[in-house]
Amino acid sequence: MAFSQLFVLSLFASFLLMQTPGDAATCSDCFTRSRAAYYPNSDEKGTETGRCGFGTFGATINGGDVAAASDLYRDGVGCGACYQVRCTNSNYCSDKGTTVVVTDHGSSDQTDFIMSRRAFSRIAQTTDAAASLLALGVVDIEYRRVPCSYPGKNITIKIDENSNYPHYLAFIIWHQQGKKDITAVQLCETQNFVCKLLDRSYGAVWTTNSPPRGPLSIRMLFSNDEEETWLIPVNNIPEDWKPGNTYDSGVQVNL
C-alpha cells in the first residue's frame with residue numbers, strides 16, 4: 001500500500017478516536033454513574049416541604065416516585081425533571097429501575113439522589129431485594145434524563161398560597177412533560193400585550209410584585225443544550241385569581 005494511503009487511513013483512525021470520547025460526553029441517552037440514598041424517616045412517598053415548592057403535589061406526583069437532587073437541582077432549574085435510576089448490584093437490582101421526578105434539593109454521602117422509600121424500593125428485583133437495599137441505605141446507581149409523562153394532563157398553573165391578590169403573585173408550574181427545562185417565564189397583559197419577566201424565587205416558584213391587572217397570559221421558555229422554544233398557553237390566568245387555586249393552561253409539550 002502506498003505511503004499516502006497509509007497516511008490517510010492513519011488520519012481517519014485518529015479522527016475516530018478523537019471523536020468517540022466527545023460523542024460519549026454529549027450523549028443525551030447515556031447513563032451516568034453515581035450513588036443514591038433514601039429518606040429514612042419518610043413514609044413511602046415524597047415530602048411536602050421540598051425545595052422545589054411543589055407542596056403536597058411534590059409528595060404524590062408520579063405515584064410518589066420522587067427524589068431530592070444535589071447538583072442536578074441546578075438552583076431550581078432542575079425541579080420537575082425526570083430521571084431513570086437503576087442500581088448496579090445484579091444480586092438485588094432490576095435492569096429497568098424506576099423513573100423519579102426531582103422535587104427537592106439535597107445530598108448525602110456523595111449521592112446525586114435522595115429518593116423516597118417507594119422509589120428506592122422500586123429499583124430492586126423483588127420485595128426481599130428491596131428490603132436488602134433499604135438495609136444498605138446507600139447504593140451505587142446509574143441514571144439518565146428521560147421525558148416526563150402525565151397522560152391526560154395539561155400544564156397546570158398553581159397559585160402559591162403566599163400570593164396576595166392583587167399586590168403579589170407567586171405560582172408553580174405542574175405537569176410539564178418532555179425533557180426540556182423552563183428557564184424563563186413572562187407574565188403578559190392580555191389587552192395591550194405588555195410582558196414582564198418574572199423572578200425565580202426558589203425552586204419552581206415564579207414571583208412578581210405588582211402584577212398586571214386583568215386576565216394574564218403566561219409565556220414559558222423551554223430550553224435544552226440545543227434549542228429554546230417559547231410556549232404561550234391557550235388559557236389565561238383569570239382576572240380574579242386566588243391563592244391556592246389551580247388553572248389549566250390548555251396546552252402540553254412533548255419536547
Side-chain angles (χ1 to χ4, degrees), residues 39 42-43 45-69 72-82 100-106 116 148 150 153-178 180-190 194-223 230-253:
Y39 290 105
S42 69
D43 58 16
K45 297 183 179 180
T47 174
E48 298 182 5
T49 58
R51 280 290 299 165
C52 287
F54 288 141
T56 55
F57 176 74
T60 59
I61 185 175
N62 197 37
D65 286 352
V66 298
L72 297 172
Y73 177 76
R74 292 175 288 145
D75 294 325
V77 175
C79 288
C82 295
V100 297
V101 180
V102 174
T103 60
D104 199 1
H105 179 227
S116 64
C148 295
Y150 303 104
K153 298 286 187 180
N154 288 326
I155 292 174
T156 303
I157 308 301
K158 163 68 185 303
I159 307 298
D160 189 83
E161 286 80 357
N162 294 317
S163 297
N164 180 22
Y165 179 87
H167 307 292
Y168 172 74
L169 174 60
F171 60 82
I172 308 98
I173 299 172
W174 291 355
H175 296 134
Q176 171 203 341
Q177 294 191 157
K180 287 186 177 180
D181 302 314
I182 298 177
T183 53
V185 174
Q186 290 183 336
L187 191 64
C188 304
E189 298 180 22
T190 56
V194 174
C195 294
K196 181 178 184 179
L197 189 64
L198 303 188
D199 297 318
R200 185 190 294 273
S201 177
Y202 70 94
V205 181
W206 299 89
T207 63
T208 180
N209 291 310
S210 302
R213 300 297 179 93
L216 301 173
S217 174
I218 291 177
R219 301 178 73 225
M220 297 172 283
L221 181 63
F222 289 80
S223 306
W230 282 99
L231 177 70
I232 303 176
V234 174
N235 300 328
N236 297 320
I237 296 176
E239 180 176 4
D240 60 343
W241 54 264
K242 294 178 175 59
N245 281 8
T246 59
Y247 301 104
D248 187 331
S249 70
V251 295
Q252 186 53 275
V253 295

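- Scanning both residues, Gly214 and Glu239, for their nearest heavy atoms gives CA-CG, 3.5 Å.
- The two residues Gly250 and Val234 come nearest to each other via the heavy atoms O-CG2, 3.9 Å.
- Between Phe54 and Lys158, every side-chain heavy-atom pair lies at or beyond the 4.5 Å cut-off.
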Would you please test Leu187 and Leu169 for side chain to side chain contact (heavy atoms under 4.5 Å, CB included) and show each step?
CA-CA 10 Å; Leu187 191 64; Leu169 174 60; 3.8 Å; yes
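- Ring-plane geometry between Tyr165 and Trp241 is classed as perpendicular, the angle between the planes exceeding 60 degrees on a 0 to 90 degree scale with a lower cut at 30.
- Between the Gln252 side chain and the Gln177 main chain, a donor and an acceptor come within less than 3.5 Å of each other.
- Note: Ile218 CD1 to Ser249 OG = 8.5 Å, rounded to the nearest 0.5 Å.
- Side-chain atoms of Asn164 never come within 3.5 Å of backbone atoms of His167 as a donor-acceptor pair (strictly under, hydrogens ignored).
- Counting all heavy atoms, side chain and backbone alike, Cys195 lies closest to Gln186 at CB-OE1, 4.0 Å.
- You'll find the side chain of Asn236 reaches within 4.5 Å of the side chain of Thr190, heavy atoms only.
- With sequence neighbours left out, the ring pair (Phe, Tyr, Trp, His ring centres under 6.0 Å) criterion links Tyr150 to His175.
- Side-chain atoms of Thr183 never come within 3.5 Å of backbone atoms of Ser223 as a donor-acceptor pair (strictly under, hydrogens ignored).
- For Asn162, the side chain to side chain contact (heavy atoms under 4.5 Å, CB included) test picks out Asp160, with sequence neighbours left out.
- Residues Leu197 and Val185 have side chains not in contact (no heavy-atom distance under 4.5 Å, counting atoms from C-beta outward).
- Counting only heavy atoms from C-beta outward, the side chains of Cys148 and Gln176 never approach each other to under 4.5 Å.
- The shortest side-chain heavy-atom distance between Trp174 and Ile155 does not fall under the 4.5 Å cut-off.
- Taking every heavy atom of both residues into account, Glu48 and Ala59 meet most closely at CG-CB, 3.8 Å.
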Quick one: do Asn235 and Tyr247 satisfy side chain to side chain contact (heavy atoms under 4.5 Å, CB included)? Show the steps, please.
CA-CA 8 Å; Asn235 300 328; Tyr247 301 104; over 6 Å; no
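- Nearest approach of Pro243 to Ser163, heavy atoms of both residues: CG-O, 3.3 Å.
- Look at Asp248 and Lys153 and you find no salt bridge, because none of the NZ, NE, NH1 or NH2 atoms lies under 4.0 Å from a carboxylate O.
- In this structure, Asp104 contributes its side chain and Arg51 its backbone to a donor-acceptor pair below 3.5 Å.
- No hydrogens or angles considered: nothing links the side chains of Asp75 and Tyr73 as a donor-acceptor pair under 3.5 Å.
- At least one side-chain heavy atom of Leu198 sits less than 4.5 Å from a side-chain heavy atom of Phe171.
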Check residues 200-212 and write down every donor-acceptor pair under 3.5 Å in which the side-chain atom is one partner and the other belongs to a residue at least two apart or another chain.
| residue | atom | partner | partner atom | Å |
| --- | --- | --- | --- | --- |
| Arg200 | NH1 | Gly76 | O | 3.2 |
| Arg200 | NH1 | Gly203 | O | 2.8 |
| Arg200 | NH2 | Ile182 | O | 2.8 |
| Thr208 | OG1 | Lys196 | NZ | 2.8 |

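- With contacts defined as side-chain heavy-atom distances shorter than 4.5 Å, the pair Ile237/Ile157 qualifies.
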Starting from the C-alpha separation in whole Å, work towards a yes-or-no answer on side chain to side chain contact (heavy atoms under 4.5 Å, CB included) for Ile173 and Thr156.
CA-CA 6 Å; Ile173 299 172; Thr156 303; over 6 Å; no
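- Side-chain contact between Val66 and Val102: absent, with no pair of heavy atoms (C-beta onward) separated by less than 4.5 Å.
- Taking CG of Asp240 as the reference point, atom CZ of Arg213 lies at 12.5 Å (rounded to 0.5 Å).
- In this structure, Asn245 CG and Ile159 CD1 are separated by 7.5 Å, a value rounded to the nearest 0.5 Å.
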